[in-house]
Structure formats: structure tokens, C-alpha cells
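Please read these numbers as outputs of a predicted model, since none were measured by experiment. In the text below, chain A, chain B and the rest are named by the order of the sequence lines, each starting its count at 1.
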Amino acid sequence: MSFAELGLIPELQKAVADAGYTEPTPIQRQAIPIVIAGHDVMGGAQTGTGKTAGFTLPLLHRLARHASTSTSPARHQTRALILAPTRELAMQVYESVKTYSKYVPLRATCIYGGVDMNAQIQELRRGIEIVIATPGRLLDHVQQKTINLSQVEMLVLDEADRMLDMGFIPDIRRILGLLPAARQSLLFSATFSDEIKKLADQMLKNPQLIEVARRNMVSETITHVVHPVSSGMKRNLLAHLLRHQPDTQALVFVDTKIVCGRLAHFLERHGISADAIHGDKSQQQRTETLEAFKAGKLRVLVATDVAARGIDIDELPYVINFELPHTAEDYVHRIGRTGRAGHKGNAVSLVCAEEKHWLNDIQKLIKLEIPQEIVPGFEPEPEFFEAGSRGGRGRRGSADKADGGRERAPRAAQPAAPRAERGGKRPGRSTIAPDGFDFSKPYESSIAAPAAETAGTTAKPDEPPRRGQRPVAFLLGGLGRK
DNA sequence: AAAAAAC
């Protein structure tokens, strides 16, 4: 099976060949003919399956074919609109469109917030057939009348479930209202909740269903492992692990922006090249950091879930969950950054006692029992092994409520104990680990952020995650929380 | 629970 057999015009086949691809992936085999035929599509493809090319190629095909067969007055009007939930994702789709459109006379641009609007306005004035955008800035342009969506023939909603999570639905509806009713629409989503189905009902006509991998499934090329560890020792364990894989890159996920910045700083100060990416960084910083990581100039990228979905990094060998995500779906998305395109990948999670509950949710969703390996010198607190599979969740939850102490008590004991004991607790063994990491330094002092970074923040970097108060949600399982 | 996204 070749791209030629899928019916793509020669200009696109040539661009595909230039990019080094010879065989379409399963989703491309399915999606390309359906989109070329003009059908609406509801696509459920796992990431790393070639989904982006799966819709950009037939989209370019249709636009190019149409332009060549008519003297359209709508030349250089916006004819295709692709919406993505994050700026980086929009940029990535834009790169794909640019790659494949090099031999067709179609213009594309990327529209997102956080950067100067004037440059985008200038660009739009040139006449742009394909606009890739995040919803907020697009509506901004609509309001300023610097974009006209009345001639849009094709709409793509990428990562629709993510858009839903992020509260984009009102924006999406507004945008849908600005588009011609006679158009082709494609909707891609990793999961199919009722809300997604509702949205699909509203925006798709007789959609063809494309579902390559069973939803929520994770790539079989990924090796999962959990390292049980006390929350206070996570940073040190991370440094330890990274030192034992000196030549590999890793994407490290954390739950909050504060931990994100501090962890990157911690790694830097321990000789591991690292930077942070999260929503409070300037767009320029975000772009530069991601580029540096993709180019291999940066060894470790510490990220919030801004980078959890869709971001494509060539042959990334490691995704490390420094903190376990609180929903199982997020785990699937995060680790989906590795093991892409048939490559091998490793999903490593550092899990403390408080996070065991989420681990159970994850294992249930991915239908896999993740092996647990304790790294010598980084043993978890004894609580980790208590109370079987539920990790003492209910017990702790009710205790917190009962003492009315804003769940201070159990948590205060947590950082305090290791801090006081760290220096003296390990006299029996060398305080210098085999990898050269100096464990003799007290925990707090070895991670203390410089004054500038600490100023204005109150949260502790390694505070154990707050316990979720979702007793009902647990019982409901995946039935329908949220 | 926090994250993301428009000014």
C-alpha cells in the first residue's frame, strides 16, 4: 500500500516522499480516502499513529483539487480551519501542513495567543487558505474583523476531548456559528465521552467512524514501571535515575507550575541540563524550550500537562511522571509522548503513598498491572504498603475531615520527618550514592530555590499532593464523573 | 487537582 494508491495528487505524494515516508499508517489508510471523498469524520486515533498527516494530506488534496478546477473568486480566502487546544499543538499541525503543502499553491498560517497580534494580521491580509488556530485568539481576530470565516469549506477539530476539558466548548460553538453550514467537518478525539458524542452530533453530518486503536489503549511498545518512593525523596531519585541513563532525553511531568519550575532548576543545579515548560512562561520561552528539547540541546524537559497531549518528539525514550496524574486519562496522554511511531518507550512513574489511589485508577483504565520496583536507597514510606490496593485512601480521607485540621496533620509529618532525619539516617551507608549524588545534604537545603524564585510563592515544591476528596467518584469508577 | 486558553 502506497500513498499513490490512496489517490493523493502527485504534488502531495512528492512532498510525502521528500519527508521520507513510504507507507501510510493504518489511520492514514482509513482516513485519507474517506476525507478525499468528502465525508465528515469522527476519528478516534491514539497519538503517534500519524493522525495529523491523516487529515492534513487529504485536506490539502481537496483544497488543491478544488482550486485547480475552478476560477474561484474565493482565492486566498480562508478555506480550511483547523482548531487545536494548545499553542504548541497548533504549531505542530502548522508544521505538518507546511511540510506537505510545499508543491501546492496554498498558504497556511498559525494563529494563537501570547504573541503579537499585528504580525498575524499582516499575515492574514496576504490571503491565507489554511488557518490553524487556538480558539481564543481566533475569536479575537473575528471580533476585530481581521479574519473572515464565511468561505470555510473544511473544519478540523483536533483533540476535541482536550478542548472539552479546557472549557473551550462555548468558543467552539461560537466559531461553528460563523462557518458555512455546507462544509466538511472532521473531529478527532482520544476518548468518546457523551459530551463528545453530543458535540459530534451537532457538527458532523453522517460521519464515518475511524477508530484505529481501541480507545484509551496505550502503545504496546511502551514499558511501564512504578518506583515506590517517599515524596520527600522524589527529586533525588529522579536525579539518580537520570544519571544512570546519561545519554537519553526525558520528558518529566509534574502537576503544578511551581513544582515544574523548581524541579527544572533543581536538576540544572545538579548538573543535568533541564528546562521547564508551563502556561506561565512566555510564549517565546515555551517555543524556544520545546525547540531546544526537540533539537536535543536540552536533556530534560520538565512540563505540566500543557505538554501532555499531542506533542510529538521524535523517538523520545522516556516519559517520567514525577507526580502521578490525578486522572487515568491524563496518564495515557502523558505517556503517549513516548513509544510513538513503533519506537520503544519507557513510562516511569515515581509514586508515593498518597498517590496509590490514582495508580489503581490508571491500572484499571489501561488494563495493565504496572510492575513496581523499589530503587535501593529510595524506599517508600511504610504506608505505601498498607491497606492493600486502596492505599488507605478512605481511612485518611475521613481522618482528615474528622479532625477538621485542613488535612495538615498527616502532611506535616511527611516533610518534617525526612528533613530532620536525612542527614543522620544514612550513616550506615555511604552518603555519596554510586552516581555521585550527595545525599548527605539535608533535603531542604539541597533543594532550596534561589531567593528570586522563591519570592512571592508560598507552596512547597515537594509537598505531597493534596488528597482528593472524591469518595463518590471512586465508587462510580469511570461511569461518569465530571 | 491543576492545567490550558484572549486581551
- Message: Counting only heavy atoms and a strict 4.0 angstrom limit, can you tell me which residues of residues 166-176 of chain A come near DNA chain B?
- Response: A/M166, A/F168
- Query: Is the shortest side-chain N/O distance from A/R87 to OP1 or OP2 of B/dA6 below 4.0 Å?
  - Reply: yes
- In whole Å, what is the span from the CG atom of A/L138 to the P atom of B/dA5? 15 Å
- Task: Could you check how far CG of A/D165 sits from C1' of B/dA1, rounded to whole Å?
- Result: 13 Å
- Item | side-chain contact (heavy atoms from CB on, under 4.5 Å) partners of A/D275, counting only residues at least two apart | A/K281, A/T289, A/L298
- Query: Is there a donor-acceptor contact under 3.5 Å from the side chain of A/T221 to the main chain of A/H343?
  - Reply: yes
- Sequence neighbours left out, what passes salt bridge (charged side-chain N to carboxylate O under 4.0 Å, His left out) with A/D305? Give chain and number order. A/R334
- Message: Can you list everything that forms a ring pair (Phe, Tyr, Trp, His ring centres under 6.0 Å) with A/F55? Sequence neighbours excluded, please.
- Response: A/F188
- Query: When you check the phosphate oxygens OP1 and OP2 of B/dA1, does a side-chain N or O of A/T327 lie under 4.0 Å from one of them?
  - Reply: no
- Message: Output the rounded distance in Å from CZ (A/R334) to P (B/dA2).
- Response: 13 Å
- Spacing between A/D280 atom CG and B/dA2 atom C1', to the nearest angstrom: 12 Å
- Task: Taking the six-membered ring for Trp and the single ring otherwise, decide whether the centroids of A/H227 and A/F378 are under 6.0 Å apart.
- Result: no
- A/M117 has an atom CE; how far is it from atom C1' of B/dA6, in whole Å? 8 Å
- Message: For A/D171, give me all partners under salt bridge (charged side-chain N to carboxylate O under 4.0 Å, His left out), at least two apart in sequence or on another chain.
- Response: none
- Message: Given B/dA6, B/dA3, B/dA2, identify the nucleotide with an atom nearest to the side chain of A/K257.
- Response: B/dA3
- What is the distance, rounded to the nearest whole Å, between atom CG of A/D140 and atom C1' of B/dA6? 5 Å
- Atom CD of A/E354 and atom P of B/dA2: how far apart are they, to the nearest Å? 15 Å
- Message: List the residues meeting ring pair (Phe, Tyr, Trp, His ring centres under 6.0 Å) with A/F253, not counting sequence neighbours, and say none if there are none.
- Response: none
- Task: Calculate the interatomic distance between A/Q143 atom CD and B/dA5 atom P; express it in whole Å.
- Result: 19 Å
- Message: Let's see if you can work this out: which of B/dA6, B/dA1, B/dA3 has an atom nearest to the side-chain heavy atoms of A/Y112?
- Response: B/dA6
